[in-house]
K.L.:
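Here it is: the structure, laid out below.
In this text the structure is predicted, and so the values were computed from the model without any measurement. Counting convention: from 1, in listed order, for ligands and their atoms alike. Computed from heavy atoms alone, side chains included, the values below leave out hydrogens, waters and symmetry copies.
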Amino acid sequence: MATLAVRRLLIDLETPFARHWHGGDAFRSALFNALSMSFPVGEQFFIDSVRKGFQDLPAEKQEQFKAEVQGFIGQEATHRRIHSLFNGHLEKQGLVNEWAPRAQARMKLMEGIDARHWLAITAANEHFTAIFAEWQLRHHDLLDGCEPRLKTMWLWHSAEESEHKSTAFDLYHALGGDYEWRIKWFRRATLIFLTNLLRQTVCNLRHDGMLWKWSTWKSAASYLLGRRGLIRENFKSWCAYFRRDFHPSQQESDLSRRWLADNMREYSLVGT
Ligand SMILES: [Fe+2]
Ligand SMILES: [Fe+2]
């Protein structure tokens with residue numbers, strides 16, 4: 001079982017930041033803002049899933065998962081808090097979070113349903129975040145145009161997503177979750193996630209008055225499909241989830257560990 005430290009990020013999130021905080025680029029800022037808008041609600045769902053799954057485990061397995069589950073919940077709870085602060089600035093900039101209420105309404109439909117369904121959805125979403133996290137850590141220079149505190153925030157979140165990417169997946173299997181449902185939820189979660197991400201990014205660009213600018217679309221094309229593009233470089237990793245013998249640890253690298261070791265002054269450890 002993984003040991004997951006909970007870290008308190010030591011960055012200033014009081015001071016407002018520029019509208020195009022992501023290197024002066026409207027598209028990148030809108031895309032990352034959309035992701036951030038989904039985090040407080042989404043990560044609460046991940047916490048609830050893991051908590052429910054843990055409660056359904058037999059006592060001997062609970063012992064095995066206990067520390068990892070506590071670490072997972074601590075990390076996601078910290079991400080929620082930090083991104084809520086970040087999102088507060090977006091609200092002041094006039095952006096409207098339409099994703100969170102839609103997600104909340106969908107989550108209501110999950111009440112009373114077997115925890116394995118919750119965990120399959122969480123494991124699918126954790127696969128996206130793990131891929132994205134790994135890509136961000138690999139190409140951290142793409143965040144060089146951001147204020148250092150914001151670059152730190154995104155890379156810290158990435159490092160922890162990479163660290164805990166197996167937790168929901170392992171719990172799902174420990175509860176007897178099967179391949180068929182894992183894949184069913186992965187397909188649905190992909191469709192729902194990408195549709196919502198696109199809708200919220202467009203909504204952000206519209207409020208920003210940048211939706212119909214040539215520079216916005218040019219940036220989108222190169223950021224998503226260019227040489228190191230987000231979609232272009234990650235499609236294979238996304239497909240790997242369909243393999244019967246897939247496990248998140250197969251996509252392991254030392255990028256997360258390295259970032260955490262090199263940036264110790266950016267955080268303190270909670271509970272030590
Ligand atoms: Fe997170
Ligand atoms: Fe996560």
K.L.:
Only one of Thr122, Thr167, Asn125 clears side-chain hydrogen bond (donor to acceptor under 3.5 Å, both in side chains) with Ser49; which?
P.N.:
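Testing Ser49 for a side-chain hydrogen bond (donor to acceptor under 3.5 Å, both in side chains) against Thr122, Thr167, Asn125 leaves exactly one candidate, Thr122.
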K.L.:
Which atom name would you report as the N, O or S atom of Glu126 nearest the Fe ion (ligand 2)?
P.N.:
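Closest to the Fe ion (ligand 2) among those atoms: OE2.
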K.L.:
Do we get Arg182 above Tyr241's six-membered ring, with its NZ or CZ under 6.0 Å from the centre and within 45° of the axis?
P.N.:
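Here Arg182 passes the 6.0 Å and 45° test against Tyr241.
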K.L.:
Got more than 12 heavy atoms from elsewhere within 6.0 Å of CZ, Phe235?
P.N.:
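Open.
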K.L.:
Can you classify the ring geometry of Phe169 versus Phe246 as parallel (below 30°), tilted (30 to 60°) or perpendicular (above 60°)?
P.N.:
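The rings of Phe169 and Phe246 stand perpendicular, inter-plane angle above 60°.
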K.L.:
Out of Phe193, Phe32, Phe39, Trp238, which one pairs with Phe132 under the ring pair (Phe, Tyr, Trp, His ring centres under 6.0 Å) rule?
P.N.:
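The single option meeting the ring pair (Phe, Tyr, Trp, His ring centres under 6.0 Å) with Phe132 is Phe32.
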K.L.:
Verify the neighbour count for atom CZ of Arg8: are there more than 12 heavy atoms of other residues, nucleotides or ligands below 6.0 Å?
P.N.:
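Not more than 12 within 6.0 Å, no.
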K.L.:
Give every donor-acceptor pair under 3.5 Å between a side-chain atom in residues 257-265 and any protein atom, sequence neighbours left out.
P.N.:
from: Arg258; atom 1: NH1; to: Asp254; atom 2: OD1; distance (Å): 3.3
from: Asn263; atom 1: ND2; to: Trp259; atom 2: O; distance (Å): 2.8

K.L.:
Going by chain and residue number, what protein N/O/S atoms come nearer than 2.8 Å to the Fe ion (ligand 1)?
P.N.:
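Listed by chain and number, the nearby protein N, O or S atoms are Glu43 OE2, Glu76 OE1, His79 ND1, His157 NE2, Glu161 OE2.
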K.L.:
If you consider just the N/O/S atoms, which atom of His164 is the closest one to the Fe ion (ligand 2)?
P.N.:
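Result: NE2.
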